[in-house]
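Notes follow the structure.
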Amino acid sequence: EKGGHEYFMLKEIEEQPEALANTLRGHFVNGRIVLDEQRMSDQDLRDVDKVFVIACGSSYHAGLVAKYAIEHWCRLPVEVELASEFRYRDPVLDRDTLVVAISQSGETADTLEAVRHAREQKARVLAICNTNGAQIPRESDAVLYTHAGPEIGVASTKAFLAQIVANYLVGLALAQARGTKYPDEVAREFAELEAMPEAVSRVLTTVERVRALGRELADSKAVLFLGRHVGFPVALEGALKLKELAYMHAEGFAAGELKHGPIALIEEGLPVVVVMPSPKDNPVVHTKLVSNISEIQARGARTIVIASENDDIVRPFADHLIEIPAVPTLLQPLVSTVPLQVLAAEIARSRGYDVDKPRNLAKSVTVE
Ligand code: F6R
């Protein structure tokens with residue numbers, strides 16, 4: 001049942017191309033992006049003047065990626081909030097606020113209560129959910145189902161990637177409604193998304209090499225993860241995976257913050273994973289990251305660099321190089337997350353832990 005794999009998580013990691021294709025299917029019809037259950041009018045969608053994204057854990061990291069896409073494509077301000085914090089302050093919400101609630105299970109208590117709070121304040125709620133008929137989509141004004149299929153591993157993998165794709169679809173639906181993108185531009189972006197399952201399949205060819213690296217790192221005391229732009233949420237997700245599976249101290253940072261404190265943590269031999277954007281697509285951020293890597297390398301860190309194929313600039317700074325397909329920066333989390341999932345799972349396995357059932361964690365968290 002694990003499809004010949006030692007643990008479900010690896011099977012689910014390998015199912016990601018299919019999960020993405022399934023999530024995209026049926027959402028571009030007659031040249032238009034369509035949502036699943038839209039109980040709000042197109043006019044309501046057009047009137048949106050502010051977006052909140054609320055979620056927990058990995059789903060929150062997917063939400064951080066949404067901010068980059070929605071702000072860029074729709075010219076709408078987006079705030080991303082942990083669901084457990086959202087309703088205990090006093091967020092400014094009204095009927096023109098769109099709250100995007102992301103939840104694999106659709107039953108997470110913190111997210112559900114945040115949705116209820118938003119609706120009481122008359123905000124519209126759009127749910128991104130992997131479970132048909134769960135409570136959060138039932139209480140929402142529109143739904144986008146991720147069709148990642150059931151996840152057995154407690155740690156989110158294919159659901160996470162599918163959530164990111166769903167966020168892009170929400171961004172394109174808003175851009176289409178608001179007219180910030182012409183129909184042919186929406187079609188072009190959708191075509192880029194349709195190329196992503198294939199790109200993820202190509203990353204999967206590196207699995208055995210990444211597993212070997214994981215075995216080498218299994219005795220590390222801590223691992224740091226650095227990224228910029230959409231690579232920052234990927235760094236946070238890589239660190240969360242390592243904490244929850246391998247019980248290892250791990251932290252993700254925005255690379256620009258390094259000099260404001262975390263650089264003090266760098267010592268001889270400390271593994272530091274750096275997520276690089278494509279030098280062609282985002283040369284400005286690429287250059288900044290190269291200078292961050294050179295700073296940590298000069299202090300003796302062991303650099304593990306996730307970089308686009310043919311990135312010759314970063315090569316001299318990488319003690320270990322993991323190559324991913326060169327894709328547009330905004331979409332890169334779909335490929336750059338995959339090696340981090342494999343790395344965490346393999347480190348956990350090498351340390352003798354149950355990758356599919358990490359201690360103290362439940363698949364669905366129905367208490368606040
Ligand atoms: C991490 C993980 C959790 C969930 C979080 C939210 O691998 O699985 O952090 O992402 O508990 O769960 P959902 O998405 O079901 O609301």
Side-chain angles (χ1 to χ4, degrees), residues 7-13 15-16 19 23 53-66 80-87 99-116 118 125-140 143-167 170 225 233-248 250 252 333 337-338 340-345 347-348 353-368:
Y7 41 90
F8 274 111
M9 189 177 154
L10 197 53
K11 174 171 177 276
E12 291 172 353
I13 287 171
E15 284 169 355
Q16 292 184 115
T23 298
V53 184
I54 51 170
C56 308
S58 290
S59 301
Y60 169 73
H61 298 154
L64 291 172
V65 177
V80 191
E81 288 249 2
L82 292 166
S84 55
E85 290 294 320
F86 181 72
R87 78 194 175 102
V99 171
V100 178
I102 309 177
S103 175
Q104 187 283 130
S105 61
E107 304 289 348
T108 298
D110 285 315
T111 312
L112 178 59
E113 292 304 328
V115 162
R116 289 178 175 159
V125 176
L126 188 160
I128 293 178
C129 182
N130 197 42
T131 316
N132 265 57
Q135 198 60 29
I136 291 170
R138 274 215 299 274
E139 296 194 20
S140 298
V143 185
L144 216 158
Y145 281 109
T146 47
H147 294 283
E151 258 183 350
I152 309 290
V154 164
S156 184
T157 52
K158 59 179 182 170
F160 174 74
L161 251 56
Q163 287 167 340
I164 293 178
V165 162
N167 281 323
V170 169
F225 293 79
V234 172
L236 294 177
E237 175 64 5
L240 178 62
K241 284 282 155 295
L242 197 55
K243 284 180 238 194
E244 64 183 339
L245 297 172
Y247 320 146
M248 194 186 274
T337 303
V338 178
L340 305 189
Q341 297 168 335
V342 176
L343 197 65
I347 293 176
Y353 303 135
D354 183 342
V355 174
D356 295 323
K357 286 197 209 61
R359 69 186 179 201
N360 307 339
L361 295 175
K363 188 68 189 163
S364 175
V365 185
T366 52
V367 288
E368 271 190 79

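Every number for a ligand or one of its atoms is a count from 1 in the order of the listing.
- The distance from atom OG1 of T146 to atom CD1 of I164, rounded to the nearest 0.5 Å, is 11.5 Å.
- Distance OG1/T108 to CD1/I102: 11.5 Å, rounded to 0.5 Å.
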Ligand-protein N/O pairs under 3.5 Å (ligand 1):
from: ligand 1; atom 1: 7 (O); to: S58; atom 2: OG; distance (Å): 3.3
from: ligand 1; atom 1: 7 (O); to: S156; atom 2: N; distance (Å): 2.9
from: ligand 1; atom 1: 7 (O); to: K241; atom 2: NZ; distance (Å): 2.8
from: ligand 1; atom 1: 7 (O); to: E244; atom 2: OE1; distance (Å): 3.2
from: ligand 1; atom 1: 7 (O); to: E244; atom 2: OE2; distance (Å): 2.6
from: ligand 1; atom 1: 8 (O); to: S156; atom 2: N; distance (Å): 3.4
from: ligand 1; atom 1: 9 (O); to: S58; atom 2: N; distance (Å): 3.2
from: ligand 1; atom 1: 10 (O); to: S58; atom 2: N; distance (Å): 3.1
from: ligand 1; atom 1: 14 (O); to: S59; atom 2: OG; distance (Å): 2.6
from: ligand 1; atom 1: 14 (O); to: Q104; atom 2: N; distance (Å): 2.6
from: ligand 1; atom 1: 15 (O); to: S103; atom 2: OG; distance (Å): 3.4
from: ligand 1; atom 1: 15 (O); to: Q104; atom 2: N; distance (Å): 3.4
from: ligand 1; atom 1: 15 (O); to: S105; atom 2: N; distance (Å): 2.8
from: ligand 1; atom 1: 15 (O); to: S105; atom 2: OG; distance (Å): 2.7
from: ligand 1; atom 1: 15 (O); to: T108; atom 2: OG1; distance (Å): 3.4
from: ligand 1; atom 1: 16 (O); to: S103; atom 2: OG; distance (Å): 2.6
from: ligand 1; atom 1: 16 (O); to: T108; atom 2: OG1; distance (Å): 2.4

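- The structure places SG of C129 at 6.5 Å from CD1 of I136, a figure rounded to the nearest 0.5 Å.
- Taking CD from Q104 and OG1 from T111, the interatomic distance works out to 11.5 Å, rounded to the nearest 0.5 Å.
- For the residue pair Q16/T157, the side-chain donor-acceptor check at 3.5 Å is not satisfied.
- Closest approach of E113 and R87 over heavy atoms only: CB-NE, 3.3 Å.
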